[in-house]
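Please read all numbers here as calculations on a predicted model, not as lab measurements. Counting convention: from 1, in listed order, for ligands and their atoms alike. Numbers here simply count residues along the sequence, with the first being 1.
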Amino acid sequence: MSFTRRQFLLGAGSLLGFPMLADVLRATAAMPMPAGRMSVPQLAEPKVALVNPATLTRFVDALPIPPIARITEQRTHPRYADRMLPYYRMEMRAFQARLHRDLPPTPLWGYQGSSPGPTLEAMRGEPLLVEWVNALPTRHFLPIDHAIHGADRSKPEVRTVTHVHGARVPADSDGWPEDGYAPGHSALYHYPNAQDAATLWYHDHAMGVTRLNIYAGLFGAFHLRDPEEQALGLPSGECELPLILCDRLIAQDGQLYYPVSDDPAAPWVSECYGNATLCNGKLYPYLEVEPRRYRLRLVNVANARHFNLSLSNRKPFQQIGSDQGLLPAPVEREQIELYPAERADVVVDFADLDGQTVQLRQQSEAILQFRVRDRGRRDSSMLPSVLRAVPRIDPATAVRDRILTLGERDDTGGNAMMMMLGGRHWSAPITENPRQDSVEIWSLVNLTGDVHPIHLHLVRFQVIERRPFDLFAWNARRGLKYTGPGQAPPPHEAGWKDTVRADPGMVTRIIMRFEGEPGRYVWHCHLLEHEDNEMMRPFKLLPRA
Ligand code: C2O
Ligand code: CU
Ligand code: CU
């Protein structure tokens, strides 16, 4: 018996019976049927009834603002001589939370027992210590696929290792995926914070189960500040907040539902999409605002979904920052598209809207309501027209241009859905080994029909261009033949990035200087189902010659 990929998904859609199926189809229909496989696993029918979010009353819960993480004590660390450093103890725990007033409590996992976890705040040049404590139960509540590399039965079922996404951190504190540890254990990491102000975020990164651990709730924001940014007078205090977005499927008893294939021995699915958009962990919340400017730090922590955000009053967002900090100047955008792990730092002005409501929309669906109410305070914040210089890295300074494929398959007939980077498995010997402080270009050749948000640890990069290429020529001779001119990135992508949308049919070319400490790091697709199933590779930073 054999199924085409499209039949498999159409079948699944009618079973799930919820609206965003088109996205699932669009994202996966392009996957070719692998040769030499008897059948493709089907998405299994959920054994539980799922919540249809459209039936819930909107805007009855206040938007949660994650608390700022509190320093546990001051401590020294061997890497920082005798300096006293703030030390945070962050405990991963199981807890329950109501995602909506009218839903039963949902069992979740979160840092300090909340999801999102507390927001870590730091100043550039001020290091901090975090002890990431695994205090989770020993059984996972989501479907582990033991057939995936790194998730075999010899490993403890529950294991975690935390990574601060976007932080330039020595390898010993970066959260190497294979360093996952079981409940009852912890890891003490140090963060030098020697980098520009940016909206970073922390999340689990354990090999083969990252998608499940993040889906369970293991993520939070990390705001890195610096004096130059503070001097700009941007909205701050209660007018500055993280807005952390993800999508989930929720069963009617309140449990999270994570989709599975119909093969109990290999439940992994190629992408997980939910029908409920959570804003800081709530479904359809509201936020009371004053008629003034607000700074919202948008973070997409979804497993696979990209968000397309707009305001119901059609006013543009002023985007002031991207993944790795401030843009050269604010960019007016009516819509903000964010792929998994991307961030957008935006200013929204509610002036002149006293007494009104404005909704934040994901596609055409209102997901968050702003209620504007004047409390008689005036807005002293500013939105300067010049933010921060972003000097372009000259491609002529690059010592290498690495051609790296996205989504090349293994033709040994193994895992039918596996996609790889550079045609190599996670466990193959390291091939990307830049030298410390050297500049390289990476040309990401997307061989699939999907967008893959590609993330490099350790470095910040610039997007040079996206350039169309001839896929047939590639398949025939592995030769890179461009079919058109390169397209320069739009202004909102002209700042520093750490995650980039690699479009189908395109070579996405990025450039970076490999600053940081020598050691082993990773790069990967940030669609978590891909990352967990071989779309991740190590790289090694070699000491300068
Ligand atoms: Cu956001 Cu390797 O991670
Ligand atoms: Cu990262
Ligand atoms: Cu991918």
Side-chain angles (χ1 to χ4, degrees), residues 27-28 30-31 116 150 160-171 173-180 189 191 195 198-211 213-215 218-222 224 244 246 268-273 299-306 323-324 338-343 404-409 417-422 426 444-461 496-504 506 508 512 516 520-539:
T28 40
M31 285 188 165
T160 60
V161 55
T162 305
H163 165 65
V164 176
H165 182 120
R168 191 204 295 154
V169 164
S173 291
D174 192 47
W176 177 254
E178 290 176 342
D179 287 346
Y189 281 0
Y191 299 92
Q195 63 187 94
T199 305
L200 312 180
W201 62 293
Y202 59 91
H203 61 76
D204 180 70
H205 217 305
M207 195 75 197
V209 290
T210 297
R211 70 194 184 292
N213 289 350
I214 293 182
Y215 197 82
L218 291 172
F219 53 80
F222 186 128
L224 188 53
I244 301 173
C246 64
W268 177 86
V269 294
S270 63
E271 278 114 27
C272 163
Y273 292 99
V299 189
N300 181 350
V301 305
N303 282 41
R305 181 173 301 282
H306 69 272
D323 305 341
Q324 282 284 318
L338 273 190
Y339 273 80
E342 284 189 306
R343 286 88 74 205
L404 294 159
T405 55
L406 310 182
E408 205 154 21
R409 263 154 229 284
M417 295 309 186
M418 180 189 293
M419 281 178 285
M420 293 181 296
L421 298 174
W426 162 257
L444 307 168
V445 184
N446 189 345
L447 303 178
T448 74
D450 278 341
V451 170
H452 300 275
I454 300 296
H455 169 51
L456 273 71
H457 286 210
L458 186 72
V459 292
R460 57 180 188 176
F461 54 74
W496 295 103
K497 297 274 294 165
D498 59 40
T499 306
V500 67
R501 216 187 65 223
D503 292 346
M506 294 284 182
T508 300
M512 53 262 157
R520 261 184 337 180
Y521 302 90
V522 303
W523 68 287
H524 58 89
C525 176
H526 223 290
L527 300 185
L528 302 180
E529 285 69 31
H530 296 188
E531 169 184 345
D532 266 351
N533 195 5
E534 300 285 343
M535 214 170 182
M536 175 163 76
R537 285 281 295 156
F539 76 84

Result for ring-ring contact (aromatic ring centres under 6.0 Å, His included) between F539 and one of W176, Y521, W426 points to Y521
Which atom of H203 is nearest atom 1 (Cu) of ligand 1, counting N, O or S only? It is NE2
Answer key: the N, O or S atom of H163 nearest to the Cu ion (ligand 2) is NE2
Looking at H165, the N, O or S atom sitting nearest atom 1 (Cu) of ligand 1 is ND1
Could you tell me whether any N, O or S atom belonging to H526 is less than 2.8 Å from atom 1 (Cu) of ligand 1? yes
Answer key: the N, O or S atom of H452 nearest to the Cu ion (ligand 3) is ND1
N, O or S from H163 under 2.8 Å to atom 1 (Cu) of ligand 1 = no
Below 30° counts as parallel, above 60° as perpendicular, anything between as tilted: where do the rings of H530 and H452 land?
tilted
- Looking at the rings of H455 and W201, which for Trp means the six-membered one, are their centres under 6.0 Å apart? no
**Asked** Thinking salt bridges, do D323 and R460 make one under a 4.0 Å N-O criterion?
**Response** no
Separation between CZ (F461) and NZ (K497), nearest 0.5 Å, reads 7.0 Å
Expected output: side-chain D532 to main-chain R211 donor-acceptor under 3.5 Å: yes
So, H455 and the Cu ion (ligand 2): N/O/S under 2.8 Å, yes or no? yes
Answer key: the N, O or S atom of H530 nearest to the Cu ion (ligand 3) is ND1
Taking backbone and side chain together, does H526 place any N/O/S atom at a distance below 2.8 Å from the Cu ion (ligand 3)? no
Side-chain donor or acceptor of N300 paired with backbone N/O of L338 under 3.5 Å
yes
